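Let me begin by presenting the structure, written as structure tokens, before commenting on it.
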Amino acid sequence: MSEQKKKQQQKSGQKPKTAIQPTRVENYAEWYQQVVKAADMAETSAVRGCMVIKPWGYAVWENIQRGLDDMFKATGHQNAYFPLFIPLSYLEKEAQHVEGFAKECAVVTHHRLEPDGEGGLKPAGELDEPLVVRPTSEMIIGATFAKWIESWRDLPLLINQWANVVRWEMRTRLFLRTAEFLWQEGHTAHATEKEAVEETLQMLEVYRTFATDWLAMPVITGEKTEGERFPGAENTYCIEGMMQDRKALQAGTSHFLGQNFSKAQEICFADANTDKQYAWTTSWGVSTRLIGGLIMTHGDDDGMIMPPRVAPSHIVILPVLHKEETREAVLEYCNKLAADLRAKSYDGRPVRVELDLRDLRGGEKSWQWIKRGAPLRVEVGPRDMENDAVFVGRRDRGHKEKETIGRETFIDGISDMLAEMQEGLLERARAHRDENIRIIDDKDEFYAFFTPGENAGGKGVVPIHGGFAMTHFCGDVALEEQIKKDLGVTVRCIPTRGQGLPGQDEPGTCPFNGQESTTRVVWAKSY
RNA sequence: CAGGGUGUAGCUCAGCUUGGUAGAGCGGCGGCUUUGGGAGCCGCAAGUCGCAGGUUCGAAUCCUGUCGCCCUGACCA
């Protein structure tokens, strides 16, 4: 940095040391919002609570869709599409289900607009029956299933839908909670309870695999407690990730619905003995919330860090073109480089390369890509061309740690480098999570763990503290409610065994009331 | 829905107490200078001051009403 620059910095005091301000430690919630904006992924819209997903963010969603969709197909599911509108009477059929969603339903009551006589328009043509904009599609898909299923030969029925849903939330945050969001919802019907439970767990495993292998987001799988269960479900399973502020993010859910919905909607079939049987159903979903999880798992104080498998572009080539006499040659070199890289494959597909020819200053351009989280930035100028090399910056390292690599070496090693970055991000996230899981057997220790220390942050700052606490728990709903009231902490899940979590195998006593307990549960503050 | 705050240029805001007819920074555009870096200088464009009434010779500023948005709660992928 020049002396002049330093002086200016001192004078103005406004030159940021990091691309994102505030930093994660200063104010995590605000940092998150700033990253979404700086990474050019989404923005708020004119419609309250609804977001505009911008191309760089939507491309991540497309990659998520592609990865998941392949996994759904591989497990025998087919895609279909059902209506956005659900007749109100459908929703009323399953009592618990309505109760769970009623407060956040958007309702369509009219189907026409007329001049209001004052230059504006007013709704006219009131509907006989109001239509609810789907908050989830159990009722409309179930009604369809009831028609499709007649015989045991029609089962299992394995359907997935990619769609948008609306939940009229009061308080929204981009990607994490918006009034409208994109998701997929799987809906299946089975002849036996055993099959339906197996399906529920299979899809949970699909989600775990996807989160781990694609998003580089380590997750804990488990079962929800009664209080956190999906309205109308017998059992809800989930994947829970730990964000960098140590809060939990529910990243996906898979529900065993038993026969609750099939009985409410007459989803029944004739079995091999010609007896009438109610089907056993499941539903499971993940949403654009995954993108929020991606940001909070990997982002740093300079912005987003994209895991290569879901990154819209793997490599951004930034030509250094300011000398007229070398301009053409550098461009040619860059185009050749891009073509050679695209001929390579990573993750079974061509490497995604972008050549950024925008007429912007080098520094600004480079920083934009840092904030967006492109895995690799490759600067190519006359010097590199002379040496048959490239100057590479990795997003998983500091922005100054750039290195010169021989052109061919770089091209030949690109797939390995991306794979190494993907693995590195997962390991980093896993280490962070594991460091912040604590086994607790004492109530006071538990309360202290979730109470911010004196230096946790200033006024208005969201403190980073706590983490995942694993305690024995008797399962009492009122007790869980009390702890939620005291600390804002809930049971995230009763973890599935065999995923390497500490202290799961021995029975014990609930530290809150001394009752017997067979397993430990995961407690955390959550999004 | 309850409590608090706030609406002025694309964005962030100043001006309002003490009415006189609109400002800054950032961003955009252009020029010059720079060039492996989020640079500098000069210039240009851009606002019926949320909306509707009222007071006044005159309202961004005072009064009334209204709408939107933000924060805090209950709810939540």
Side-chain angles (χ1 to χ4, degrees), chain A residues 1-2 4-9 12 14-20 29-30 33 37-38 43-49 99-105 118 135-136 163-173 175-185 207 224 227-228 230-231 236 238-241 248-255 283-293 302-303 318-324 326 330 359-371 377-385 389-393 399-400 402 404 459-460 484-485 488 490 526-527:
Chain A
M1 194 185 292
S2 71
Q4 202 183 3
K5 244 182 180 175
K6 270 187 192 162
K7 266 184 206 159
Q8 272 169 2
Q9 255 192 35
S12 64
Q14 61 186 5
K15 208 71 166 192
K17 294 185 210 76
T18 56
I20 304 297
E30 181 57 24
Q33 304 281 24
K37 195 191 291 179
E43 62 189 32
T44 51
S45 72
V47 185
R48 187 195 150 78
E99 200 192 322
F101 285 105
K103 277 185 282 184
E104 52 197 53
C105 283
E118 292 167 20
T136 177
N164 57 338
V165 287
V166 168
R167 296 183 188 175
W168 214 261
E169 304 284 358
M170 287 290 109
R171 170 107 182 70
T172 60
R173 292 181 75 190
F175 289 120
L176 297 175
R177 180 167 302 109
T178 45
E180 178 191 13
F181 57 92
L182 305 183
W183 77 344
Q184 60 68 218
E185 47 182 328
Y207 288 155
K224 285 292 186 193
E228 298 273 324
F230 178 76
T236 288
C238 61
I239 54 171
E240 296 277 337
L249 182 78
Q250 179 175 305
T253 49
S254 185
H255 315 292
S283 69
W284 28 274
V286 298
S287 72
T288 36
R289 174 180 256 201
L290 288 177
I291 298 173
D302 285 331
L318 306 166
V320 181
L321 294 172
H322 45 258
K323 283 183 191 145
E324 269 311 315
T326 53
V330 168
D359 186 14
L360 287 179
R361 273 172 224 292
E364 191 180 356
K365 203 190 272 193
S366 183
W367 275 102
Q368 282 187 10
W369 289 110
I370 291 171
K371 288 185 277 193
R377 303 181 309 283
V378 178
E379 297 169 20
V380 178
R383 270 197 327 247
D384 310 292
M385 203 170 64
V390 291
F391 195 50
V392 179
H399 64 84
K400 285 179 185 162
K402 296 186 273 196
T404 295
K459 202 180 177 187
K484 184 178 179 182
K485 231 174 123 188
T490 49
S526 75
Y527 277 95

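Everything numeric here is computed off the predicted structure, so don't read it as measured data. Naming convention: chains lettered A, B, ... in sequence-line order (proteins, then strands); numbering from 1 in each chain. Quick note: numbers below take in every heavy atom, side chains included, and nothing from hydrogens, waters or symmetry partners.
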For [X] and [N], what is the distance between atoms [atom1] and [atom2] respectively, to the nearest whole Å?
X: A:Glu169; N: B:A77; atom1: CD; atom2: P; result: 8 Å
X: A:Trp168; N: B:A74; atom1: CH2; atom2: C1'; result: 19 Å
X: A:Glu240; N: B:A77; atom1: CD; atom2: P; result: 10 Å
X: A:Lys485; N: B:G73; atom1: NZ; atom2: P; result: 16 Å
X: A:Ile370; N: B:G36; atom1: CD1; atom2: P; result: 16 Å
X: A:Glu30; N: B:U12; atom1: CD; atom2: P; result: 12 Å
X: A:Glu180; N: B:A77; atom1: CD; atom2: C1'; result: 14 Å
X: A:Glu364; N: B:A39; atom1: CD; atom2: P; result: 6 Å

Within the 4.0 Å heavy-atom criterion, would you say [X] contacts the bases, only the backbone, or no part of the nucleic acid?
X: A:Gly285; result: nothing
X: A:Leu176; result: base
X: A:Lys402; result: base
X: A:Ser526; result: nothing
X: A:Lys371; result: base
X: A:Glu104; result: sugar-phosphate
X: A:Ser287; result: base

Residues, nucleotides or ligands: over 12 heavy atoms within 6.0 Å of A:Glu99 CD: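 Open.
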Could you work out the separation of [N] and [M] based on their [atom1] atoms and round it to a whole Å?
N: B:C13; M: B:U6; atom1: P; value: 12 Å
N: B:C67; M: B:C29; atom1: P; value: 40 Å
N: B:A60; M: B:G19; atom1: P; value: 14 Å
N: B:G58; M: B:G54; atom1: C1'; value: 15 Å
N: B:C57; M: B:G73; atom1: C1'; value: 50 Å
N: B:C44; M: B:U48; atom1: C1'; value: 23 Å
N: B:G20; M: B:C49; atom1: C1'; value: 16 Å
N: B:U35; M: B:A39; atom1: C1'; value: 9 Å

Who is the Watson-Crick or G-U wobble partner of [N], with both distances under 3.5 Å?
N: B:G30; value: B:C42
N: B:G7; value: B:C67
N: B:A24; value: B:U12
N: B:U72; value: B:A2

Out of B:G36, B:C75, B:A77, whichever nucleotide has its closest atom nearest the side chain of A:Gln250: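 Within the option list, the nearest is B:A77.
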Check against side-chain contact (heavy atoms from CB on, under 4.5 Å), A:Phe391 and A:Arg377: CA-CA 8 Å; A:Phe391 195 50; A:Arg377 303 181 309 283; over 6 Å; no
Ion pair A:Lys224/A:Glu240, N-O distance below 4.0 Å: yes
Partner set under ring-ring contact (aromatic ring centres under 6.0 Å, His included) for A:Phe230, not counting sequence neighbours: A:His97, A:Phe101, A:His255
Position toward the 5' end of RNA chain B (nearest nucleotide), A:Arg383 or A:Lys484: A:Arg383
Sub-3.5 Å donor-acceptor pair from the side chain of [X] to the main-chain atoms of [Y], do we have one?
X: A:Arg173; Y: A:Gly292; value: no
X: A:Ser366; Y: A:Gly363; value: no
X: A:Arg167; Y: A:Pro135; value: yes
X: A:Tyr207; Y: A:Gly285; value: yes

Would you tabulate the nitrogen or oxygen pairs shorter than 3.5 Å linking the protein to nucleotides 66-72 of chain B?
residue: B:C70; atom: OP2; partner: A:Arg48; partner atom: NH1; Å: 3.2
residue: B:U72; atom: OP2; partner: A:Arg171; partner atom: NE; Å: 3.1

Atom pair CG/OG1 of A:Leu182 and A:Thr288 - distance to nearest 0.5 Å: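 One finds 5.0 Å between CG of A:Leu182 and OG1 of A:Thr288.
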side-chain contact (heavy atoms from CB on, under 4.5 Å) evaluation trace for A:Leu176 with A:Leu249: CA-CA 9 Å; A:Leu176 297 175; A:Leu249 182 78; 3.9 Å; yes
Nucleotide N/O to protein N/O under 3.5 Å, stretch nucleotides 29-35 of chain B:
residue: B:U35; atom: O2'; partner: A:His322; partner atom: ND1; Å: 3.2
residue: B:U35; atom: O2'; partner: A:His322; partner atom: NE2; Å: 3.1

A:Phe391-B:G36 aromatic stacking (under 5.5 Å, under 30°): no
Pairing residues for A:Glu180 by the side-chain contact (heavy atoms from CB on, under 4.5 Å) criterion, not counting sequence neighbours: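 Applying side-chain contact (heavy atoms from CB on, under 4.5 Å) to A:Glu180 gives A:Cys50, A:Asn164, A:Val166.
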For A:Ala38, all residues meeting side-chain contact (heavy atoms from CB on, under 4.5 Å), sequence neighbours excluded: A:Ile20, A:Lys371
Tabulate protein N/O versus nucleotide N/O from nucleotides 3-6 of chain B, keeping only pairs under 3.5 Å, one per line.
none

Pair A:Trp284-A:Thr253, side-chain contact (heavy atoms from CB on, under 4.5 Å): steps then yes or no: CA-CA 6 Å; A:Trp284 28 274; A:Thr253 49; over 6 Å; no
Heavy-atom closest pair, residues A:Thr404 and A:Ala389: CG2-CB, 3.6 Å
